[in-house]
Amino acid sequence: MTLRLHNTLTGTKDVFEPLDDSHVRMYTCGPTVWNFAHIGNLRAFLFYDLLRRHLQVAGFRVTHVMNITDIDDRILDQAMHAGTTIAEYTKPYAEAFLADMKTLRAQPAEQYPRATEHIEEMIRMISTLLERGNAYVADGDVYFRIASFPRYGELSHLDREGLRAGVRVARGGRGQKGSARPAHGGEAPPIRQDRYDKESVSDFALWKKSQPVDEEIGAAWDAPFGKGRPGWHIECSAMSKRYLGDTLDIHAGGVDLMFPHHENEIAQSEAANHRQFSRFWLHSEHLADATGEKMSKSAGGFTTLRDLLAAGHDPIAIRFFLIANAHYRSRVRLSDEALHAAGEQVRRLQDFARRLQQPVAPKDGGRLAERVAEVRHAYREALDDDLNLPQGMGHVFDLLREANAALDSGGVGEAAARELLLLMADVDAHVDVVTARDMALAGEVEQLIAQREAARKARDFATADRIRDELRARGIALEDSKEGVRWRRIAKV
RNA sequence: GGCGACGUAGCCAAGUGGUAAGGCAGAGGUCUGCAAAACCUCCAUCCCCAGUUCGAUUCUGGGCGUCGCCUCCA
């Protein structure tokens with residue numbers, strides 16, 4: 001089977017092979033911890049999770065590095081405002097990010113390097129760029145000289161002439177976005193402007209000269225070119241080199257990072273290392289809010305994982321929605337209805353897996369085992385085709401219906417059951433929601449079920465229904481079936 | 001203004017040059033003490049117009065609409 005991934009660099013789905021036979025080096029852009037991650041951020045992070053999981057399924061060993069940006073203009077402004085250091089200010093948000101990832105069952109990356117812990121590496125790279133003439137100092141700041149890197153713009157296919165025109169042109173007819181109010185953390189901080197004493201307006205900062213306050217909040221470092229702090233882009237170039245070497249197999253991020261962030265990373269890294277920076281570039285699409293517009297941390301209201309959990313959504317359903325509802329390269333809109341649908345799909349998967357635990361029929365009826373093998377193959381092919389999990393799940397649910405029907409009529413024997421369990425394991429290797437639930441049976445629940453069964457046998461349905469209602473009020477639903485009583489957790493009414 | 005993406009049933013969504021997966025919601029039914037679950041049945045001609053083709057939702061052109069990027073952004 002051949003894995004194909006959509007490579008922004010070429011604009012096509014390319015066959016993926018790592019540089020080393022079986023080892024994939026992957027760098028993904030992580031959060032800037034100036035606030036809680038919102039669901040749109042988390043969509044991108046779960047896309048990375050899906051990617052790394054499928055690379056593993058495809059037989060590769062994966063070294064995955066995801067940065068945590070703990071220095072940035074917004075962080076500086078917020079820390080200053082709060083009268084604390086950037087380290088103190090970012091700590092809870094960095095912790096919240098890791099906690100959110102755990103809640104959403106993302107496999108941890110091998111490394112989560114923080115920008116402030118890799119200043120030395122950044123200084124070294126900036127020094128190299130200065131030596132080579134790819135960077136210059138202007139009034140204590142250091143800028144990358146885009147004119148020294150002719151390939152600039154190749155990733156995002158932006159016209160250099162257009163860029164040189166410089167200023168962002170007002171978009172016709174669209175409303176002002178900046179007026180919306182953030183749902184968390186008060187007003188979005190004002191953005192510091194780069195000073196424009198650079199050779200070209202599109203040159204970007206590698207290093208920014210300290211201002212007096214920067215030292216007070218722990219955001220100033222000594223460097224050969226003057227005391228200051230790193231620009232935004234250099235951290236990824238420096239940290240990916242430190243942990244993964246000069247050439248990455250995969251670099252991923254949200255589409256909004258394509259330009260300028262990734263373009264700038266390429267310029268820095270390739271100018272400094274004289275090697276291709278990343279062989280594959282993968283970009284995930286945005287999550288839109290209820291109005292259909294991109295959810296954005298600084299532009300307007302946004303929804304955090306905490307908000308959704310507080311509203312009663314199951315983290316497992318949220319995970320499933322974010323990775324399986326739509327393909328990673330298509331826009332998706334957050335809605336209660338879609339979240340509920342995802343929850344129902346998860347429930348179906350879990351219920352089905354549960355049924356498989358029960359004793360099977362003496363022998364298979366029909367050609368179910370064959371069908372399951374077909375579906376396993378189709379599922380794998382969908383994932384190999386640029387991680388098309390939504391399509392893969394379509395095949396799976398199709399089969400679920402057939403298999404449930406076979407189960408109803410006692411037509412699932414050992415061979416089919418074994419194959420079905422393999423399929424569920426295939427699926428769970430990506431979605432990781434099937435066996436995710438808390439399987440621990442409270443003894444008390446079991447006892448109540450036994451009492452109810454006794455009452456039912458005695459045809460005392462009033463008592464039986466009372467017990468069932470009590471459990472339901474506690475968030476446990478009972479289902480009577482031929483194989484006995486099943487129970488599952490549901491949302492409390 | 002430049003570059004780009006998208007527009008598939010009430011909602012979400014996959015997809016193909018040969019008459020459209022899957023999920024949610026809804027309707028009817030089987031099963032059941034009742035209920036739930038499961039299963040069965042029903043529910044779209046793919047934004048509009050023109051063209052290419054034996055045949056287009058899928059290709060080309062135009063239009064309308066929505067959205068993204070153009071140095072805060074996953």
Side-chain angles (χ1 to χ4, degrees), chain A residues 28-32 34 37-48 72-74 156-159 161-163 165-172 174 178 188-192 194 201-205 232-233 252-261 263-264 283-288 292-299 321 324-327 329-333 335 337-345 347-348 351-352 355 378 382 388-398 400-402 404-409 456 459 461 464-465 468 472 477-482 486 488 490:
Chain A
T28 62
C29 284
T32 299
W34 74 283
H38 67 244
I39 292 297
N41 298 322
L42 294 171
R43 182 194 187 192
F45 303 154
L46 286 185
F47 154 61
Y48 307 155
D72 136 282
D73 289 350
R74 290 165 301 186
S156 46
H157 310 109
L158 279 179
D159 177 20
E161 296 308 311
L163 291 178
V167 257
R168 175 188 201 150
V169 180
R171 288 155 299 179
R174 298 286 315 285
I191 303 302
R192 297 177 176 201
D194 285 348
V201 275
S202 19
D203 288 350
F204 56 92
W232 172 35
H233 316 290
V255 272
D256 49 358
L257 296 183
M258 205 163 96
F259 187 89
H261 188 232
E263 202 71 69
N264 291 171
H283 291 100
S284 62
E285 254 300 344
H286 290 310
L287 179 87
E293 293 206 352
K294 168 186 164 187
M295 189 176 286
S296 168
K297 255 199 260 192
S298 18
F321 166 73
N325 180 67
H327 183 81
R329 281 192 295 114
S330 70
R331 240 161 261 151
V332 89
R333 191 185 290 209
S335 73
E337 222 175 341
L339 241 23
H340 171 256
E344 283 300 299
Q345 295 188 69
R347 203 214 77 235
R348 268 173 76 82
D351 284 359
F352 178 73
R355 291 189 80 180
N388 199 336
L389 183 58
Q391 186 178 61
M393 290 313 301
H395 295 303
V396 171
F397 281 112
D398 222 1
L400 229 60
R401 195 182 55 246
E402 296 170 38
N404 267 320
L407 246 15
D408 282 350
S409 61
R456 287 180 73 208
R459 304 195 70 77
F461 294 122
D465 289 351
R468 184 169 62 190
R472 167 165 282 270
L478 299 187
E479 297 166 7
D480 301 330
S481 75
K482 270 177 262 175
R486 292 196 293 256
R488 61 189 171 87
I490 53 162

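What you see below is based on every heavy atom in this structure, not just the backbone, and it leaves out hydrogens, waters and symmetry mates. Throughout, a chain's letter reflects where its sequence line sits, starting with A, and its residues are numbered from 1.
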Below 4.0 angstrom from OP1 or OP2 of B:A38, is there any side-chain N or O of A:Arg347?
-> yes

Round to the nearest Å and state the distance from A:His233 atom NE2 to B:U71 atom C1'.
-> 7 Å

Examine the base of B:G23 for any acceptor or donor lying under 3.5 Å from a partner atom in the side chain of A:Arg348, and report the outcome as yes or no.
-> no

Any donor and acceptor pair, going by atom type alone, linking the side chain of A:Arg331 with main-chain N or O of A:Glu285 inside 3.5 Å?
-> no

Note, A:Phe47 side chain near A:Thr28 side chain (heavy atom, < 4.5 Å) | no

Using only heavy-atom distances, decide whether a donor-acceptor pair under 3.5 angstrom links the side-chain of A:Asp480 to the base of B:C34.
-> yes

B:G63 and B:C70: how far apart are their C1' atoms, nearest whole angstrom?
-> 26 Å

Pairing partner (Watson-Crick or G-U wobble, both distances under 3.5 angstrom) of B:U53 | none

Which nucleotide, B:C72, B:G23, B:C69, lies nearest any side-chain atom of A:Phe259?
-> B:C69

Do any side-chain nitrogens or oxygens of A:Arg331 fall under 4.0 Å of OP1 or OP2 in B:A13?
-> no

Can you tell me the distance, in whole Å, between the NE2 atom of A:His327 and the C1' atom of B:U8?
-> 17 Å

Could you say whether the aromatic ring of A:Phe461 and the base of B:G33 stack, counting only centre distances under 5.5 Å and plane angles under 30°?
-> yes

Main-chain N/O of A:Gly394 paired to A:Asp398 side chain as donor or acceptor, under 3.5 Å | no

All heavy atoms of A:Leu400 vs all of A:Arg348, minimum pair found to be CD2-O, 4.1 Å

If you measure from the P atom in B:A14 to the same atom in B:C59, how many Å do you get, rounded?
-> 16 Å

To the nearest Å, give me how far apart NE2 (A:His395) and P (B:G15) are.
-> 10 Å

Check every strand shown and say whether A:Asn264 touches a base, only sugar-phosphate, or nothing at a heavy-atom separation below 4.0 Å.
-> nothing

Separation between the C1' atoms of B:U71 and B:C3, rounded to whole Å = 15 Å

Name the nucleic acid region contacted by A:Gln345, choosing base, sugar-phosphate or nothing; use a 4.0 angstrom heavy-atom cut-off, strictly under.
-> sugar-phosphate

Phosphate oxygens OP1/OP2 of B:U41: is one of them under 4.0 Å from a side-chain N or O of A:Arg401?
-> no

Touch class at under 4.0 angstrom, heavy-atom based, for A:Gly254 against every strand present = sugar-phosphate

Could you please name the partner base of B:U66, counting Watson-Crick and G-U wobble pairs only when both distances are under 3.5 Å?
-> B:A5

Length of the line joining A:Asp351:CG and B:C39:P, which is rounded to integer Å | 10 Å

Under 4.0 angstrom, heavy atoms only, what part of the nucleic acid is A:Phe352 near: base, sugar-phosphate, or nothing?
-> nothing

Counting only Watson-Crick or G-U wobble pairs whose two distances fall under 3.5 Å, which nucleotide matches B:A25?
-> none

Determine the contact category for A:Ala477: base if any of its heavy atoms lies under 4.0 Å from a base atom, sugar-phosphate if only primed atoms, P, OP1 or OP2 are that close, otherwise nothing.
-> nothing

note: A:Glu344, atom CD; B:C11, atom P; distance rounded to Å ~ 19 Å

Nearest-Å distance once atom C1' is located in both B:U45 and B:G28 = 25 Å

Sugar-phosphate, base or nothing in reach of A:Gly40, heavy atoms under 4.0 Å = base

For A:Leu287, which contact category applies under a 4.0 Å heavy-atom criterion: base, sugar-phosphate, or nothing?
-> base

For B:U58, which nucleotide in any strand shown is its Watson-Crick or wobble partner with both distances under 3.5 Å?
-> none

Check the distance between B:U71's P and A:Asp203's CG and give it to me in whole angstrom.
-> 14 Å

Describe the nucleic acid contact of A:Leu478 in one word from base, sugar-phosphate, nothing, applying a heavy-atom distance below 4.0 Å.
-> base

Which whole number of Å gives the distance between the C1' atom of B:C54 and that of B:C6?
-> 31 Å

At under 4.0 Å between heavy atoms, what does A:Gly30 touch on the DNA or RNA strands: base, sugar-phosphate, or nothing?
-> sugar-phosphate

Answer with base, sugar-phosphate or nothing: what part of the nucleic acid does A:His340 contact at a heavy-atom distance below 4.0 Å?
-> sugar-phosphate

Using atom P of each nucleotide, how far apart are B:U57 and B:A50 to the nearest Å?
-> 13 Å

B:G22 P sits how many Å from A:Phe397 CZ, rounded?
-> 12 Å

Does any N or O donor sit under 3.5 Å from an N or O acceptor when you compare the side chain of A:Arg468 with the base of B:C34?
-> yes

How far, in whole Å, is B:U60 from B:G18 if one measures between their P atoms?
-> 15 Å

In whole angstrom, give me the gap between the P atoms of B:C67 and B:G62.
-> 22 Å

Which of the following nucleotides, B:G22, B:C69, B:A36, is nearest to the side chain of A:Asp398?
-> B:G22

Using only side-chain N and O atoms of A:Ser330, determine if any of them is under 4.0 Å from OP1 or OP2 of B:A14.
-> yes

Taking all atoms of both residues into account, what is the closest heavy-atom pair of A:Phe45 and A:Pro31, and its distance?
-> CZ-N, 3.6 Å

Partner nucleotide, any strand, of B:C31 [Watson-Crick/G-U, under 3.5 Å] = none

Check ion pair A:Arg468-A:Asp465 (N to O, under 4.0 angstrom) = yes

Can you tell me how far P of B:A21 sits from CG of A:Asn325, to the nearest Å?
-> 19 Å

Looking at every strand, decide which applies to A:Asp256 at a 4.0 Å heavy-atom threshold: base, sugar-phosphate, or nothing.
-> base

For A:Leu46 and A:Phe321, run side chain to side chain contact (heavy atoms under 4.5 Å, CB included): C-alpha distance rounded to whole Å, both residues' side-chain angles, the deciding distance at 0.1 Å, then the answer.
-> CA-CA 10 Å; A:Leu46 286 185; A:Phe321 166 73; over 6 Å; no

